[in-house]
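To keep things clear, I will list the structure first and then write my remarks on it.
Sequence lines set the chain letters: A, B, ... in the order given, protein chains first and strands last, and positions in each chain run from 1. FYI, side chains are in, hydrogens and waters are out, and symmetry mates aren't considered; it's all heavy atoms of this structure.
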Protein chains: 2
Amino acid sequence: MQDAKEIGRSPMPSVDKALRAVMELAEAGVDGLALADLADRLSVNRSSLHATLRALRHRHFVDQDRATGHYVLGSSLLAAANLYYRNFDLRGALRPVLVRLAAELNEVFHLAILDGTDLLYLEKVESRRPIQPGTSIGHRLPALTTALGRAIVAATCRDIEDFRARFAGHLEPRTAAAPRTLDEEWVEIERAQRLGHARDVEHNIEGLTAVAVALRLNGSPAAAVSIVTLTPDFQASGEEYFANLLRERLAASLPAQLELETPRGEI
Amino acid sequence: MQDAKEIGRSPMPSVDKALRAVMELAEAGVDGLALADLADRLSVNRSSLHATLRALRHRHFVDQDRATGHYVLGSSLLAAANLYYRNFDLRGALRPVLVRLAAELNEVFHLAILDGTDLLYLEKVESRRPIQPGTSIGHRLPALTTALGRAIVAATCRDIEDFRARFAGHLEPRTAAAPRTLDEEWVEIERAQRLGHARDVEHNIEGLTAVAVALRLNGSPAAAVSIVTLTPDFQASGEEYFANLLRERLAASLPAQLELETPRGEI
DNA sequence: ATGGTCGTTCGGCAATGTACAACAGGTCCC
DNA sequence: GGGACCTGTTGTACATTGCCGAACGACCAT
């Protein structure tokens, strides 16, 4: 029961307000936000937000620009996130590979893991193209209808019953082309099992197509890497081209604990 | 007045408790902590901590391991810290250089900035030696008595009056060898101004010696890079050797906005 | 069974965060 | 120069809220 999505509304308003402030300041980036501006975005009164920010400042979770008075993220966040080792290993291991690939091919690469039914982006390496997917590191998305999610699901789900049990109610199509039922989605998953890579032809963002392969960490499927291209480029070079590219390049420079998921190949 | 260190104790206990929980979980790392264990470390009751953790979980600032029930850091921290751009530029620019240096020389390198009177570590590249300084990225330390701090202070302080005004009451010697008065500390600072690099001979950690040079970002002193060695190795090769090494290697691969602090050389 | 954990839930009291208003310090614009 | 706005910050009552002790169901080890 409580395994359901915990839709219960905010417990502990004061703490929740502090966390929302941190997230909003994160989006604001380097320039930070003025107190009044932040209060507007969170729909809270300035004075109570001021007290909250004082508490955050006390632990250096936010800092205040001496010149402008704007509030910006503090250093404790940097310190805390740096100890988020569980993912950092994966990130550290794959980042050099992805950076090199991105530089050579001028395409966007993603690294993500599955957390429950959510996809969690651990790394994004950008290209120099004008059109970029709106993802960012730490972003959380429903796993289905993305190539990354499909690749991991394909590697972890035995059959359609298993699939239905885990993802019933978790299909949230984001574009017109995306499957609208679990059965349609399963067709993509099963295809990914046979071929050893998953695709997402404008099922996630209009105009963009992605191909992803899953990675096994110490034998069990854990993560996936994807390449994102414009749909016309994808159709010109063909799905096999990108899939082979990913597999070959990754295989050549993968650390010991990691291995590529292999195609099951059965009809 | 309020520019003084805000020693006023914790405002907003509930928020402060949440932040302390996050910091404690950060130290715990991948394995996380059990609720009872965390409650002990924070000296709070389990039930009230449970409510706090629920609020943190709600925004994915912490997650709970399904198997063990242990609490671990969540993904929102990763997302938030990734937007801490102000420092990330420096980090991203210098990390490749430091990694290469560390690989070749098998020593520890640090990158830090000055935040008020505190030193803030932005990067640490480790060596393969058994003895490592206990610093970590995001760590915050009083600036004085470290080579990194001295290098930046030397670049930003004109004279001893300026120095006294900024650092009165902020000298916290951490080893027996460290200066115990501002006058003694100023001797090191002035020396750093003349030579163009700062040293720390067991003023910070027993057995370790560091040499640091300051960097100017768009013309104004902002950061410092240090190399940390065992004191015997330091004495064998000599201070000049390490200082020149740092200067030459950094100068060779510094991005456009950055430049090395130059020795003032007077007297 | 029994004692010992653990994570979690419940309720009553009191501490706490909230909101409205007023304050001090700016900048802008007649 | 002086008003009219901004801003960030500080009081002060009220009632909402988080705190604590105790009890609950699960689990694991005797």
Side-chain angles (χ1 to χ4, degrees), chain A residues 1-22 24-25 28 31-74 116, chain B residues 1-22 24-25 28 31-74 116:
Chain A
M1 285 299 176
Q2 73 274 27
D3 204 5
K5 220 172 179 177
E6 303 195 24
I7 326 186
R9 78 193 167 297
S10 65
M12 242 184 252
S14 59
V15 171
D16 197 63
K17 183 193 305 185
L19 301 184
R20 282 172 58 211
V22 167
E24 201 68 45
L25 286 176
D31 298 327
L33 286 174
L35 173 60
D37 197 355
L38 184 58
D40 283 350
R41 302 194 188 204
L42 300 179
S43 303
V44 297
N45 267 14
R46 291 206 298 274
S47 53
S48 97
L49 179 60
H50 179 71
T52 302
L53 288 174
R54 180 125 69 109
L56 287 168
R57 216 171 29 180
H58 185 255
R59 297 280 175 199
H60 282 291
F61 271 71
V62 311
D63 281 327
Q64 201 168 8
D65 191 314
R66 334 203 128 198
T68 65
H70 281 31
Y71 288 91
V72 295
L73 283 192
Chain B
M1 285 299 177
Q2 72 275 27
D3 203 4
K5 218 174 180 178
E6 304 193 23
I7 325 187
R9 79 192 165 297
S10 64
M12 243 184 249
S14 59
V15 171
D16 197 62
K17 183 192 305 188
L19 301 183
R20 282 171 58 212
V22 167
E24 201 67 46
L25 286 176
D31 298 327
L33 285 175
L35 173 60
D37 197 355
L38 184 57
D40 283 350
R41 302 195 187 202
L42 299 179
S43 303
V44 296
N45 266 6
R46 291 206 297 275
S47 52
S48 97
L49 179 61
H50 178 73
T52 302
L53 288 174
R54 181 126 67 111
L56 287 167
R57 216 170 27 180
H58 186 254
R59 297 278 175 201
H60 281 291
F61 270 72
V62 311
D63 282 327
Q64 200 168 9
D65 191 314
R66 334 202 128 199
T68 66
H70 281 31
Y71 288 91
V72 296
L73 284 192

>> Can you build the contact string for nucleotides 17-27 of chain D? Use B for base contact, S for sugar-phosphate-only contact, and - for no protein heavy atom under 4.0 Å.
In response: -SSBB------
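- Of all heavy-atom pairs spanning A/Val15 and B/Ala55, the tightest one is CG1-CB, 3.8 Å.
- Side-chain N/O atoms of A/Tyr71 include none lying less than 4.0 angstrom from OP1 or OP2 on D/dT7.
- Across all their heavy atoms, A/Gln64 and A/Gly69 have their closest contact at NE2-O, 3.2 Å.
- For A/Asp16 and C/dG17, the CG to P distance is 15 Å, given to the nearest whole Å.
- Between A/Asp65 atom CG and D/dG8 atom C1' the separation is 14 Å, expressed in whole Å.
- A/Ala21 and A/Leu56 get closest at one heavy-atom pair: CB-CD1, 4.4 Å.
- Helical stems involving DNA chain C, defined as 3 or more consecutive Watson-Crick or G-U pairs under 3.5 Å, span C:3-5 with D:26-28, C:7-28 with D:3-24.
- Side-chain N/O atoms of B/His50 include none lying less than 4.0 angstrom from OP1 or OP2 on C/dG7.
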>> I'd like to know whether B/Leu38 forms a side chain to side chain contact (heavy atoms under 4.5 Å, CB included) with B/Leu35, so could you lay out the CA-CA distance, the side-chain angles of the two residues, the decisive distance to 0.1 Å, and finally the verdict.
In response: CA-CA 5 Å; B/Leu38 184 57; B/Leu35 173 60; 5.5 Å; no
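- As a whole-Å value, the separation of B/Leu38 CG from C/dC6 C1' is 14 Å.
- With sequence neighbours excluded, the residues satisfying salt bridge (charged side-chain N to carboxylate O under 4.0 Å, His left out) with B/Arg41 are B/Glu24, B/Asp37.
- The shortest heavy-atom contact between B/Ala28 and B/Leu33 is CB-CG, 3.6 Å.
- When all heavy atoms are compared, the tightest approach of A/Val22 to A/Leu73 is O-CD2, 3.7 Å.
- Distances shown here put a side-chain N or O of B/Gln64 below 4.0 Å from the OP1 or OP2 atom of C/dT8.
- We find that NE2 of A/His70 is positioned 17 Å from P of C/dG26, with the value rounded to whole Å.
- Scored by the side-chain contact (heavy atoms from CB on, under 4.5 Å) test, B/Ser48 finds B/Lys17 as partners (sequence neighbours excluded).
- For B/Ser47, the side-chain contact (heavy atoms from CB on, under 4.5 Å) partners at least two apart in sequence or on another chain are B/Asn45.
- When the P atom of C/dG25 is taken as reference, atom CG of A/Leu35 falls 18 Å away, rounded to whole Å.
- Regarding A/Leu53, its CG atom lies at a distance of 12 Å from the P atom of D/dT10, rounded to whole Å.
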